[in-house]
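To start, the structure itself, in structure tokens.
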Amino acid sequence: MPHDAQSQSREVVDRQNILVRATSHHMFWPIVALVVLLVLCQVMSPGFLAVTFTDGHFFGQLVDILRTAATPALLGLGMALVIATGGVDLSVGAVMAISLSLSLTFLRGSSSPDSVGTVAVAVLLGLVVALVIGAFNGFLVVGLKIQPFIATMILMVAGRGIAMLVTKAQITTVTSPPFKWLGSGFVLGIPTPVIIALVVFVALTVLTRWTAFGMLLESVGINAEASRLAGVPSRTLVWSTYIICGLLAGLAGIVYGAPTMAADANNIGLMKEMDAIMCVVLGGTRMSGGKFYLSGTLVGAVILTTIERAVIVFHLPSQTAPLFKAIVVIAVVVAQSSRFRDWAQERRLRRQAGSDSIPAEKVIV
Amino acid sequence: MIEAVPKDAPPLVAMHDITVTFPGVKALSGVDFRLFPGEVHALMGENGAGKSTLIKALTGVHHLTRGSITLDGKPIQFRSTAEAQAAGIATVYQEVNLCANLSIAENVMLGHEVHRGPFVHWRATQARAAEYLQRLHLAVDPRAQLGSLTIASQQLCAIARALVLDAKVLILDEPTSSLDQQEVAELFDVIREIRDSGVAILFVSHFLNQVYEISDRMTVLRNGQLVGERMTADLPRRELISMMLGRSGEALAAIEGEARTRTEEDRETPLFLSARDVGRRGSVQPFSLDIRRSEVLGLAGLLGSGRTEVARLLCGADRADSGEVDVDGQKVTLADPLTALKHKIVYSTEDRKRDGIVGDLSIRENIALALQARRGVLRPLSRTELDAIVEKFMVALDVHPNNPDMLIRNLSGGNQQKVLLARWLATDPTLLILDEPTRGIDIGTKAEIQRLVTQLADDGRCVVFISSELEEVMRVANRVAVMCDRAKIGELENGPSVGVDAVLEEIGRASEVKTDAA
């Protein structure tokens with residue numbers, strides 16, 4: 001083979017390698033799905049992507065999407081850790097209702113719901129209870145060795161009842177500007193929920209990737225017994241994921257309910273556990289446990305929220321949103337599946353074999 | 001024996017010029033393989049030689065890049081294992097591939113149940129299953145759960161399943177790796193009967209003795225290429241090994257090595273661990289054991305004799321319910337593996353796949369795991385520290401391929417074992433408990449691991465070495481603790497005059513005493 005042709009063919013191979021590596025990256029298909037969705041929305045409703053800056057705040061559909069995405073993002077980030085261990089937490093929706101009900105009931109009973117201090121206490125109360133619930137879930141799973149699905153289903157069902165008890169089956173409403181700010185305010189022109197979600201994301205990334213927490217968690221999720229024999233404190237690790245997940249569900253409840261300041265224990269967080277699981281799966285994490293992707297989960301949350309918005313843009317009844325969510329989830333999950341990747345690779349190989357077979361140098365089985 | 005296969009008879013299976021390519025890797029190149037009816041054909045080669053790839057090419061798991069296969073003279077190209085099964089090629093894998101929680105009859109007859117109208121006629125199905133089991137001399141109740149059987153009987157059930165499929169070709173992939181001697185003998189009787197009924201049997205095993213005992217013909221592979229096809233009777237062992245390894249006689253002599261001897265002064269090495277009456281109900285009877293530095297202690301005994309149970313108590317995998325353990329003269333409670341790890345005791349499991357590797361993590365992460373666990377979650381190893389450790393052990397243990405980012409599940413068995421050894425060595429242990437460290441891996445790696453064990457002892461560490469192969473135990477151990485029926489029955493100082501027979505005698509005596517008492 002002449003020298004030129006050889007280097008040329010190597011270039012082709014390199015380019016293909018980059019393509020292969022890009023398409024097999026866990027973020028590739030979720031981002032493709034998101035971009036396609038956004039472009040479709042822009043086509044259907046020109047100006048969809050426009051963001052304006054007035055009165056020191058950003059406004060626009062995109063900003064709204066990000067604000068709304070904060071709730072599923074917070075749920076999904078906690079859920080990703082639980083799923084990494086091979087578990088699942090179905091109680092997050094109910095926990096949202098409990099923490100919001102508690103916070104609002106406390107605010108209503110207090111003499112000064114307007115003061116920042118009272119709001120801080122109210123929020124703290126909601127979060128502490130959410131954390132305790134997470135610890136309880138962890139106890140069921142780790143201490144009593146109940147299957148996570150069943151263990152967390154207990155509070156998924158009972159949790160809403162607890163929230164009803166707290167609110168005495170009334171829709172609790174309060175007026176408290178500092179509390180409302182948590183859901184509809186701005187920090188540096190950016191909606192507060194977005195900032196909260198980002199802070200949580202950064203904190204979790206630091207916790208999982210700057211320490212050994214993430215790797216050990218994945219190890220437990222892939223092979224629990226091998227990890228135990230290697231000295232990994234798997235009980236503590238698994239337990240802590242349920243605590244984090246519960247805490248973040250509590251935070252999500254407060255952020256979600258803050259704009260309206262109404263605690264409707266029957267409807268807050270309804271079916272949100274499924275949204276959270278969808279975010280995690282869209283982000284490339286497998287339900288069987290093991291490798292987890294926090295950044296992918298964030299993208300998943302934005303995709304889900306964009307679909308909800310797109311349904312409105314396309315003038316479809318909002319009840320059809322779950323259908324489109326399902327379609328996108330299927331498309332992304334199929335594209336990420338190893339079978340699809342094998343199939344694509346085989347096709348590529350066959351095409352290569354047709355033009356010029358590349359000699360294999362190494363022999364491994 | 002050989003006359004049973006006339007030379008001019010056409011082969012049942014003929015594979016010609018088989019080439020299988022994985023992305024960037026040629027796993028098999030231009031391999032020819034023939035399988036005759038009524039013969040046991042052993043497929044030999046080291047790990048990574050291409051044995052399993054060839055089997056998978058035959059059974060439709062892998063697609064051929066080049067080459068052709070004929071069955072009974074007709075060209076075939078299977079697209080799935082189901083097609084291969086339908087054509088009469090059945091495979092029994094190393095790990096039993098059945099459903100432990102279904103009944104024996106259901107497992108054996110799966111997909112071939114006797115029907116009455118649209119319903120399964122269970123009683124007839126069970127009767128049919130019993131017939132097949134009878135042919136294999138397996139007297140069990142077909143209604144019992146499969147999981148209640150021993151591994152050996154489960155293995156036989158898997159073979160019964162192949163008979164149900166009316167297989168013309170039976171592939172046995174490491175069927176004996178978890179059987180004891182008696183069970184192997186029974187399995188071989190069954191294999192011979194099936195062979196004499198005209199079935200072609202493809203046999204894969206790392207145990208040379210067994211291969212010589214059962215096979216009529218051998219095909220040797222090395223590095224994805226055919227080295228040769230020979231009649232077993234015409235192929236001396238030494239030549240087979242050199243075909244497999246591609247090494248000279250001198251190198252082979254070094255591998256075979258010699259028994260470890262030691263002088264009087266060696267016995268005075270300091271005591272590291274001392275167990276007194278340590279036991280666990282339902283697992284192993286109380287035993288006492290001293291482990292000294294610079295010593296390799298062998299644990300000998302049959303499968304199920306309590307070897308692994310002793311190891312699990314010493315490493316904290318199971319909690320003892322009686323007795324005391326001193327480590328370096330201090331009384332300790334080995335409550336869990338992490339505690340043992342902190343006392344510099346590590347345990348390498350016999351079940352690499354289930355309790356050893358973390359498949360979806362990289363080689364690097366697998367090596368780091370135990371060290372990281374001991375340092376604690378919040379004190380991660382820095383990338384430079386970790387790279388240095390990984391580099392050091394991958395070179396020292398010669399892990400292939402030398403790419404720490406590769407997922408461990410893509411490595412061959414021998415290399416997985418090396419990575420696991422690296423995981424434990426990275427924690428700088430004083431006591432290594434190695435449970436079947438050489439099971440299912442090739443001769444070359446086996447010798448490397450044996451050499452490593454003696455070297456570790458020379459460095460002042462202690463090693464507890466467990467193996468079903470007594471020869472291997474006698475080769476590396478200074479002292480041997482003999483186990484029988486979940487109890488420690490004696491201890492032998494190893495030496496030139498002590499051999500495998502001494503251990504067998506000890507076991508024999510113990511079981512006689514037990515029979516007398518009963």
Side-chain angles (χ1 to χ4, degrees), chain A residues 13 16-17 20 24 84 86 206-237 240-241 285-286 288-292 338 341-350 352-353 357-365, chain B residues 21-29 47-53 63 65 223-225 312 315-317 336-342 346-349 351 353-361 365-366 368-381 400-401 410-412 423-424 427:
Chain A
V13 173
Q16 265 166 343
N17 278 345
V20 169
S24 56
V206 168
L207 173 68
T208 54
R209 299 304 174 194
W210 290 18
T211 73
F213 189 75
M215 183 197 66
L216 296 181
L217 212 56
E218 290 176 338
S219 160
V220 169
I222 298 165
N223 190 338
E225 182 58 13
S227 307
R228 187 183 80 94
L229 288 177
V232 178
S234 42
R235 289 165 57 94
T236 317
L237 288 176
S240 61
T241 62
T285 305
R286 269 185 294 168
S288 50
K291 296 268 175 196
F292 65 94
S338 53
R341 225 177 286 160
D342 288 350
W343 175 78
Q345 201 161 31
E346 210 164 280
R347 255 182 49 145
R348 211 168 25 241
L349 277 180
R350 220 173 295 151
Q352 257 171 34
S357 53
I358 293 145
E361 284 153 20
K362 282 200 286 179
V363 177
I364 314 166
V365 173
Chain B
T21 322
F22 299 127
V25 177
K26 222 171 205 179
L28 277 181
S29 79
N47 285 334
K51 297 180 307 255
S52 31
T53 312
H63 298 274
T65 311
N223 285 341
Q225 280 165 336
R312 288 180 66 93
C315 75
D336 52 42
L338 185 57
T339 314
L341 190 62
K342 285 183 175 151
V346 298
Y347 168 63
S348 170
T349 167
D351 195 334
K353 204 162 158 190
R354 206 188 62 194
D355 299 339
I357 65 166
V358 181
D360 279 339
L361 291 187
E365 290 168 316
N366 267 285
L369 195 60
L371 183 56
Q372 183 61 65
R374 190 178 63 192
R375 284 173 64 109
V377 177
L378 299 179
R379 289 181 54 222
L381 287 155
H400 279 287
N410 293 332
L411 298 186
S412 69
R423 175 193 291 170
W424 303 121
T427 66

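Side chains included, hydrogens not; waters and symmetry mates left out as well; all remaining heavy atoms used. Chain identifiers are assigned alphabetically (A, B, ...) following the order of the sequence lines, protein sequences preceding nucleic acid strands; residue numbering begins at 1 within each chain.
Contact of B:R379 with chain A is not made at all, since no heavy-atom distance falls under 4.5 Å. In this structure, chain B has no heavy atom under 4.5 Å from any part of A:L217. In this structure, chain B has no heavy atom under 4.5 Å from any part of A:R209.
Using a 4.5 Å cut-off between non-hydrogen atoms, the part of residues 354-361 of chain B that approaches chain A consists of B:R354, B:D355, B:G356, B:I357, B:V358, B:G359, B:D360, B:L361.
Of the possible donor and acceptor atoms, one in the side chain of A:R228 sits under 3.5 Å from a partner among the backbone N and O of B:A317.
Taking both residues in full, the closest heavy atoms of B:P380 and A:A212 are given as CB-N, 3.9 Å, listed atom of the first, atom of the second, then distance. When every heavy atom of B:A373 is checked against every heavy atom of A:A230, the shortest pair comes out as CB-O, 3.6 Å.
Partners of B:R375 according to the salt bridge (Lys or Arg N to Asp or Glu O under 4.0 Å) rule, which considers only residues two or more places apart in sequence or in another chain, are B:E385.
Rounding to the nearest 0.5 Å places CG of B:L338 at 12.0 Å from CG of A:L229.
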Set out, in order, the CA-CA distance, both residues' side-chain angles and the distance that settles side-chain contact (heavy atoms from CB on, under 4.5 Å) for B:L369 and A:M215, then state yes or no. CA-CA 8 Å; B:L369 195 60; A:M215 183 197 66; 4.3 Å; yes
